[in-house]
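Working notes, beginning with the structure itself.
As a basis for the values below, the full set of heavy atoms in this structure was taken, side chains included, without hydrogen atoms, waters or symmetry mates. Letters A, B, ... mirror the listed sequences (proteins, then strands); counts begin at 1.
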Amino acid sequence: EAGVAQSPRYKIIEKRQSVAFWCNPISGHATLYWYQQILGQGPKLLIQFQNNGVVDDSQLPKDRFSAERLKGVDSTLKIQPAKLEDSAVYLCASSLAPGQGTYEQYFGPGTRLTVT
Amino acid sequence: DAKTTQPPSMDCAEGRAANLPCNHSTISGNEYVYWYRQIHSQGPQYIIHGLKNNETNEMASLIITEDRKSSTLILPHATLRDTAVYYCIVRVAGTASKLTFGTGTRLQVTL
């Protein structure tokens, strides 16, 4: 079974530039999550999708961050414009939908973003 | 989600059992205990979860106290590849809700 795929693995941009990250979840996983992990901290949820609908985006800085999951499969996370404090690893995870079994989340390798 | 408390770091000799403690004194009756680990430069990896009974799988064992206020993750024969940050998380049962990570325990396995 293929895992969660993310790209790119690394990205370096200057502040005020824009950047986009892509995630392909495990086949059949209806729930998709984006987490932000700042160095030395645990991951923090930014947004959760159920199919192509948003379940939780309470921690997403909506003035600069946006995410979409068209067709309920792949997802993109965008930052525009980037700030220095956005330097972090952005992790994508997926799990089965409620009622489909247990809810372990499977994580991708992450995208390491450096804003200079 | 209830708050968990873990020691910031632990050491373990290779081949020995690693016992990682977690306190979750405010856990609710409908909350599970989950354990994940994160090896350097990788995403977190699911290890095990439980409600009130002890659980075992191919990776580890989970011991939950009778009052459910604390638990211990046991890696029976630690190897160098088990060096990672281990996160204890409590989460409402029966949902695909978010995981609320703390800072975890950094386990260093040494020769």
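The aromatic rings of B:Phe101 and B:Tyr36 sit perpendicular, their planes meeting at an angle over 60°, well past the 30° parallel limit.
The candidate from A:Gln50, A:Gln37, A:Gln105, A:Gln48 with the greatest count of non-hydrogen atom pairs under 4.5 Å with chain B is A:Gln105. In terms of heavy-atom pairs under 4.5 angstrom with chain B, the leader among A:Val89, A:Leu45, A:Val4 is A:Leu45.
A distance-only check finds a donor-acceptor pair linking the side chain of B:Asp67 to the backbone of B:Lys69 [under 3.5 Å]. Under a 3.5 Å cut-off, the side chain of B:Thr4 and the backbone N or O of B:Cys88 do form a donor-acceptor pair.
Between the CD atom in A:Glu68 and the NZ atom in A:Lys78 there is a gap of 5.0 Å [rounded to 0.5 Å].
If you measure heavy-atom distances from A:Gln6 to chain B, you find no contacts under 4.5 Å at all. Residue contact with chain B, scored on non-hydrogen atoms closer than 4.5 Å, involves the backbone of A:Gln41 exclusively. Of the two parts of A:Pro109, only the backbone, made up of N, CA, C and O, holds a non-hydrogen atom closer than 4.5 Å to a non-hydrogen atom of chain B.
For the pair A:Arg112 and A:Tyr10, the cation does not sit on the ring face, since its NZ or CZ is not both under 6.0 Å from the ring centre and inside 45° of the axis.
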